[in-house]
**Student:** 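Handing you this structure, nothing more for now.
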Amino acid sequence: MEVFRALPPAFFDQPPPMVARALLGARLVRRVGDAVLAGRIVETEAYLSAGDAAAHGARPMTQRTRVLFGPAGRAYVYRLRQYALLDVTTEGPGVPGAVLLRAVEPVLGAEHMLALGGGADVRRVASGPGKLCRAFAVDLTLNGADLTDADGPLFLAAGPPEAFEVRVTPRVGITRAQAAPLRFVVAGSASISRP
DNA sequence: CACCAGATCCTCT
DNA sequence: GAGGATCTGGTGG
């Protein structure tokens, strides 16, 4: 079985586009009860810390967005309609940049993910930011969780060395700053939210 | 206190 | 490709 070594805090102390790109191929790991769920990250989006009208951090801090303004490497979990969405915070306190985790390919615990809902196709069980949170049982209680802690309930780990092609496209589902090329995708993956 | 927008998903046609 | 589900924080009266 793959060994999961948490990414260090320094990994997240760089601008969101760099973190978003570097997270492709990394592992999202979730411990829930006795089960361990893991996925290979295949789609991310960067939300800039300044000058990005689509970013939650573009507006003054509120109770909901306070994690965004805290330290890097934390889970920013919020709700959209009936779904939770998961971001990783980047850069230091006071700098609200983040990376949205949009899709992963199941690596471990696929059965468990399917049991949480999302259809019958393993490849598509976490092929979208809302579906990803459902498959990994990520909810608001994980808001603020330290994603650099390999002993915690949710963390990010380095993936094995591999070569893949990265595609950069505009972000999905937003109403402002739609043109900015800040979505990063592992080309050819069957688990991304859309081509 | 009322209204509403929203980084989604699923089910139709 | 369109529309509805469904809900919470943020904003303004």
Side-chain angles (χ1 to χ4, degrees), chain A residues 12 15-24 26 28 39 41-70 72-91 95-106 113-145 147 154 156 166-186 189-195:
Chain A
F12 301 98
M18 293 193 184
V19 176
R21 165 64 186 83
L23 279 175
L24 293 181
L28 176 68
I41 298 172
V42 293
E43 181 179 345
T44 59
E45 281 178 358
Y47 287 86
L48 308 182
S49 48
D52 183 358
H56 289 185
R59 279 158 296 200
M61 184 177 70
T62 65
Q63 178 168 9
R64 184 202 203 148
T65 60
R66 78 193 139 76
V67 172
L68 270 184
F69 292 82
R74 304 297 170 86
Y76 168 52
V77 185
Y78 62 96
R79 197 180 178 89
L80 179 67
R81 297 288 197 283
Q82 53 266 62
Y83 299 95
L85 275 69
L86 171 64
D87 280 26
V88 191
T89 61
T90 64
E91 304 179 292
V95 186
V99 173
L100 171 66
L101 270 40
R102 287 193 56 90
V104 306
E105 289 175 9
M113 296 179 198
L114 289 174
L116 291 169
D121 187 346
V122 169
R123 297 171 307 167
R124 306 213 60 92
V125 76
S127 61
K131 298 171 75 179
L132 182 157
C133 286
R134 179 174 53 190
F136 280 71
V138 170
D139 58 27
L140 278 292
T141 64
L142 289 170
N143 189 35
L147 299 180
L154 185 68
L156 289 160
V166 174
R167 204 178 305 284
V168 183
T169 79
R171 294 173 293 188
V172 173
I174 53 176
T175 58
R176 283 167 286 194
Q178 294 177 325
L182 292 171
R183 172 175 177 249
F184 299 82
V185 173
V186 172
S189 171
S191 298
I192 59 178
S193 64
R194 13 178 342 182

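Throughout, a chain's letter reflects where its sequence line sits, starting with A, and its residues are numbered from 1.
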**Student:** Are any side-chain N or O atoms of A:Arg124 and backbone N or O atoms of A:Ile192, one a donor and one an acceptor, separated by less than 3.5 Å?
**Tutor:** yes

**Student:** Do NZ/NE/NH1/NH2 and the carboxylate oxygens of A:Arg123 and A:Glu105 come within less than 4.0 Å?
**Tutor:** no

**Student:** Any side chain to side chain donor-acceptor pair (under 3.5 Å) pairs touching residues 171-181 of chain A, not counting sequence neighbours?
**Tutor:** A:Asp52-A:Arg171

**Student:** Under the side chain to side chain contact (heavy atoms under 4.5 Å, CB included) test against A:Arg194, which residue among A:Thr169, A:Val172, A:Val185 passes?
**Tutor:** A:Val172

**Student:** Protein within reach of the bases, or only the backbone? For nucleotides 7-13 of chain B, mark each nucleotide 5' to 3' as B, S or -, using heavy atoms under 4.0 Å.
**Tutor:** BBSS---

**Student:** Has A:Thr90 got a side-chain atom pairing as donor or acceptor with A:Gly97's backbone, closer than 3.5 angstrom?
**Tutor:** yes

**Student:** Is there side-chain contact between A:Thr89 and A:Val67, with heavy atoms separated by less than 4.5 Å?
**Tutor:** yes

**Student:** What's the CG-P distance between A:Asn143 and C:dT8, to the nearest Å?
**Tutor:** 15 Å

**Student:** Give a yes or no answer on whether the side chain of A:Thr44 reaches the backbone of A:Ala20 with a donor-acceptor pair at less than 3.5 Å.
**Tutor:** yes

**Student:** Starting at the 5' end of DNA chain B, what dot-bracket string do you get if Watson-Crick and G-U pairs under 3.5 Å are bracketed, crossing pairs use [ ], other-strand pairs use | and unpaired bases use dots?
**Tutor:** ||||||.|||||.

**Student:** A:Leu140 CG to C:dC7 C1': how many Å, rounded?
**Tutor:** 11 Å

**Student:** Separation of A:Asp139 atom CG from C:dT8 atom P, in whole Å?
**Tutor:** 13 Å

**Student:** Indicate, with yes or no, if the rings of A:Tyr47 and A:His56 have centres closer together than 6.0 Å.
**Tutor:** no

